[in-house]
Amino acid sequence: MTEIQNIISILFVVMGIIFMLVGSIGIIRLPDFYSRTHSVSKSDTLGIIFVIVGLVIYEGLTQSSFKLLLVVLFIALANPIGTHALARAAYKRGLNPFYSDDEIDEEEHK
Amino acid sequence: MNKLSFFSLTMSFLSLMAFWVIMSGFFDFIHLGLGVVTVAGVMYVNYQLKTHRFFDDDMDDLSEVRFGRTVYYVFWMVLQIVIAGFHVVRIIIRRKMPIHTTMITFRANLPSAHAKMILGNSISLTPGTLTIDIEGDLFTVHAIDDTSFAGIATDEMPRQVLKLFEKEERQVVEDLKIVTRTKSTN
Amino acid sequence: MDSFFLYSAVVLTIIIAVPLVRVLNGPTLYDRLLATNAIATKTIVLIALIGFLFDSIDMFIDITLAYAILGFIGSLIIAKYVSSPKFEEK
């Protein structure tokens, strides 16, 4: 029983870490600020949820696992709100997103 | 200044008490009694905040929400979070990232400010879209590629939010515009 | 299982260090803030993993909750300050 539990939890943690890795790479690779907010708000949220659910499966039904589920709930609510607040601040200060493809090419050739 | 109903007070007491029990982990008489005293104090301090109107169309009472629908909505939202994660990952790991960012604005016809807050948060969690600004009922949404705002354009996702509050269905999204600002001029 | 937590904590530390590139040479102020926000949210998971590594998750989980709430409020307040008219970009 604990063997299966351990394997499932390892699978979840590894998947979450892969998602967080892709989110980190997205912050570096994506071309403009508003696209980077997508990488932070979606990929990172899913990665954190996967890792903590994996830890809950490893822990079993204890008081700590309920607290970990509280952390999951809080992050699923708070992470999109935080990135929304930053994007809103940038939009209010007049940061323009760029659309044309040649500007992306320019940044790559630098 | 509106008053809170008995149902709303009971629900906030129960949820705060559940939070206390999870955090403390003791079930004996003294700890539960201390919890009741603390929760009553928190509710007394926050009463003015909960009855204050921040917007004109604030939700008056918790009983406007249909709770049976909320369960379905939460599971739908979890599914959307997973789809959104895979969508962003698929974009990032391609060699030539297929992004074509678009800014769209639309007006949402929703009953209360809380419904707009839920819609904004849902937009941020569904694949490829991110709420940037809400002013009155004017939403500004950033979409990462051409097809990702289809869920808003076909009115599928905002109707899920509307169903949380009202029984009959109607069109939520009105005058959707695609603001494609070209290369920045400054 | 302990060694698995050790390895995943090490890998996670490396992943957390990646957005520092964006903090150092982000073209705008908002990019830097976004990267610091990403670092803060990933640190939550790192603290939980360290708790499992030391076999005392019941102590570390409270630190995790407090850190999550503090990081969230901090990033909200910085965003509010940056968007206010008093702030001048340099």
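The figures that follow rest on heavy atoms only: side chains count, while hydrogens, waters and symmetry mates do not. Here is the naming used below: chain letters follow the sequence lines, and residue numbers restart at 1 for every chain. This is a predicted model, so every value here is computed, not measured.
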In Å and rounded to the nearest 0.5 Å, what is the [atom1] to [atom2] distance from [X] to [Y]?
X     : Y     : atom1 : atom2 : result
C:L12 : A:L21 : CG    : CG    : 10.0 Å
C:I39 : A:I27 : CD1   : CD1   : 8.0 Å
C:K80 : A:R88 : NZ    : CZ    : 6.0 Å

I need the minimum non-hydrogen distance between [X] and [Y], along with the two atoms involved.
X     : Y     : value
A:A89 : C:A79 : CB-O, 3.6 Å
C:I57 : A:E59 : CG2-OE1, 3.6 Å
A:R93 : C:V82 : CD-O, 3.5 Å
A:S24 : C:K42 : OG-NZ, 2.8 Å

* Asked: Given C:T41, which of A:N79, A:I75, A:V40 fulfils the side-chain contact (heavy atoms from CB on, under 4.5 Å) condition?
  ->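 Between C:T41 and the candidates, side-chain contact (heavy atoms from CB on, under 4.5 Å) is satisfied uniquely by A:N79.
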* Crowded around A:F74 CZ? As in, over 12 foreign heavy atoms under 6.0 Å? ->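 Counting neighbours around CZ of A:F74, more than 12 heavy atoms of other residues, nucleotides or ligands fall under 6.0 Å, so yes.
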* Within 6.0 angstrom of C:L24 CG, more than 12 heavy atoms from elsewhere ->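 Yes, enclosed.
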Between [X] and [Y], is any pair of side-chain heavy atoms under 4.5 Å apart?
X     : Y     : result
A:V71 : C:I44 : yes
C:Y30 : A:T37 : no
A:I28 : C:V18 : yes
C:L33 : A:F33 : no
C:N37 : A:T83 : yes

* Asked: Is it true that C:D58 and A:K67 make a salt bridge, defined as a side-chain N closer than 4.0 Å to a carboxylate O?
  ->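 A:K67 and C:D58: not salt-bridged.
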* Could you give me the CA-CA distance, side-chain angles and deciding distance for A:M20 and C:V45, then say whether side chain to side chain contact (heavy atoms under 4.5 Å, CB included) is met? => CA-CA 10 Å; A:M20 282 196 271; C:V45 181; 4.2 Å; yes
* Asked: Of the listed residues (C:L76, C:V21, C:I61), which shares the most heavy-atom pairs with chain A below a 4.5 Å separation?
  ->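 Greatest number of close heavy-atom pairs with chain A: C:I61.
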* Asked: For chain A, which of C:D31, C:I69, C:T64, C:D62 has the most heavy-atom pairs under 4.5 Å?
  ->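 Winner by heavy-atom pair count: C:D31.
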* Answer with yes or no after comparing the ring centroid distance for A:Y58 and C:F4 against a 6.0 Å cut-off, counting only values under it. =>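 Here the rings of C:F4 and A:Y58 have centres that are no less than 6.0 Å from each other.
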* Asked: Under a 4.5 Å heavy-atom cut-off, does chain A meet the side chain of C:F5, its backbone, both or neither?
  ->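 Only the side chain of C:F5 comes within 4.5 Å of chain A.
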* If you count heavy-atom pairs under 4.5 Å with chain C, which of A:I25, A:L55, A:L68, A:D44 comes out on top? ->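 The candidate making the most pairs under 4.5 Å is A:L55.
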